[in-house]
Amino acid sequence: MAVWNRKTTVSSSDGSPERDQERGKTNFESSSFEAPSDGPVEHKEGTELHRGLAARQVSMIAIGGAIGTGLIIGTGKALAQAGPAAILISYTLVGMLVFLVMAALGEMAAWLPIAGGFSAYAARFVDPALGFSLGYTYWFKYIITTPNQLTAAALVIQYWCPPERVNPGVFIAVFLVVIITINYLGIRFFGEFEFWLSSIKVLVICGLILLSLILALGGGPDHDRKGFRYWQKPGAFKPYIKTGSAGIFLGVWSSMINAVFAYLGTELVGVT
């Protein structure tokens, strides 16, 4: 993956003083950028940012960030709508794309760890306008995703507590207050809380995978070995909107939306 500075003649492989000074730092300046007429993008003078998360916390946040409503709840909708083969194709394609993006991000983060996440890399290596746009796009993403997550949590709770008994808005308000409180308490408490919650999510996913294998191999109460039975009847693909090949294509394409949403959160390692 080629990484470059605009209008700079310094190679990334030499031992330039500028590169040596930036490598291995733990305190960085703020992510306010100036775009000089010539040379690399530079930071303004300002407050400094310090990394308050440990390596174990960053790793678990990155792993747990990809395990959420898109994977646990959205996969069921995509399976019923498009069929098992469709979601296998869509999740594989999106997973390959996410791997390429994360490999590029990891290469830049290892070469030049700076504050500001991937928006800072876009501003430094491409243009400040791209970094500005990327930062606000990511902010809008979480502004939209947060209500979605709260609504999904209320829908899950309805399984045990129907809306006729308790209005779902009550649970949404409670979870919103909890989220705001956790973020208000600071980075140390937030890091530990996210570490243990992500650990629980990883254990739950491992348990679900194991349970699925047991049920597919006939270890359930009915001792029925299901295996790939439903790939043959009703079939691996389910037409969506239309019939025939066009419906199968639309089913695969519709499952791509769920696949993209399921992988949201893997980029958190580039932000933290």
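Sequence positions, counted from 1, serve as the residue numbers for this chain. Quick caveat: nothing in here was measured; it's all calculated off a predicted structure.
Checking side-chain atoms of S198 against main-chain N and O of F195 turns up no donor-acceptor pair under 3.5 Å. Judged by distance alone, with hydrogens and angles left aside, the side-chain atoms of Y263 form a donor-acceptor pair with the main-chain N or O of Y91 at under 3.5 Å. Looking at K238, its side chain never comes within 3.5 Å of a backbone N or O of G251 through a donor-acceptor pair. The backbone N or O of L112 sits less than 3.5 Å from a side-chain atom of Y121, completing a donor-acceptor pair. Looking only at distances, a side-chain donor or acceptor of N167 sits under 3.5 Å from a matching main-chain atom of G169. Distance alone, capped at 3.5 Å, places no donor-acceptor pair between the S133 side chain and the L130 backbone.
Between F171 and C161 there is a side-chain heavy-atom pair separated by less than 4.5 Å. Residues I205 and K201 fail the side-chain proximity criterion, which asks for heavy atoms closer than 4.5 Å. At a threshold of 4.5 Å between non-hydrogen side-chain atoms, the residues L79 and P84 count as touching. In this structure, the side chains of I89 and M256 stay at 4.5 Å or more apart for every pair of heavy atoms. Looking at heavy atoms from C-beta onward, L97 lies out of side-chain contact with V260 at the 4.5 angstrom threshold.
Rounded to the nearest 0.5 angstrom, L208 CG and L213 CG are separated by 11.0 Å. To the nearest 0.5 angstrom, L210 atom CG is 9.0 Å from C206 atom SG. Here the OG1 atom belonging to T145 is positioned 9.0 Å from the OH atom belonging to Y138, to the nearest 0.5 angstrom. Taking CG from L185 and CZ from F190, the interatomic distance works out to 11.5 Å, rounded to the nearest 0.5 Å. For the atom pair CE of M60 and CD of E192, the computed distance is 11.5 Å after rounding to the nearest 0.5 Å. The CD1 atom of I241 sits 13.5 Å away from atom CH2 of W253, with the distance rounded to the nearest 0.5 Å.
When the side chains of ILVMFWY residues are joined at heavy-atom separations under 4.5 Å, either directly or via intervening members, L155 and V178 end up in two distinct hydrophobic clusters. Side-chain heavy atoms closer than 4.5 Å link hydrophobic residues (I, L, V, M, F, W, Y) into clusters, and following such links, even through other members, never connects L88 to F237. Placement of L250 and V94 in two distinct hydrophobic clusters is found when ILVMFWY residues are connected by side-chain heavy-atom separations under 4.5 Å, directly or transitively. With hydrophobic clusters built from ILVMFWY side chains whose heavy atoms lie under 4.5 angstrom apart, I144 does not share a cluster with L176. Both I87 and V98 are assigned to one and the same hydrophobic cluster, defined by single-linkage of ILVMFWY side chains at heavy-atom distances under 4.5 Å.
Counting heavy atoms of neighbouring residues, nucleotides and ligands inside a 6.0 Å radius, atom CZ of R188 does not exceed 12 of them. Surrounding CH2 of W231 are more than 12 heavy atoms belonging to other residues, nucleotides or ligands, all under 6.0 Å away. Remark: Y142 OH is packed, more than 12 non-hydrogen atoms of other residues, nucleotides or ligands lying under 6.0 Å away.
Heavy-atom minimum distance, A82 versus V252: CB-N, 4.5 Å. Heavy-atom minimum distance, P168 versus Q158: CG-NE2, 3.1 Å. Taking both residues in full, the closest heavy atoms of S254 and Q81 are given as OG-NE2, 3.0 Å, listed atom of the first, atom of the second, then distance.
By the 30° and 60° cut-offs, the orientation of the rings of W139 relative to Y136 is perpendicular.
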>> Using the rule given for ring pair (Phe, Tyr, Trp, His ring centres under 6.0 Å), can you reason through W111 versus F125, listing the C-alpha separation, both sets of side-chain angles and the distance that settles it, and then say yes or no?
In response: CA-CA 13 Å; W111 178 72; F125 296 122; 5.8 Å; yes
> How far apart are the C-alpha atoms of N148 and F261, what are their side-chain angles, what is the distance that settles it, and do they pass the side-chain contact (heavy atoms from CB on, under 4.5 Å) test?
Replying inline: CA-CA 11 Å; N148 176 272; F261 189 75; 3.3 Å; yes
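Hydrophobic side-chain contacts under 4.5 Å tie L211 into a cluster, directly or through other members, with L215.
The list of salt bridge (Lys or Arg N to Asp or Glu O under 4.0 Å) pairs with a residue in residues 129-157, not counting sequence neighbours, reads K141-E267.
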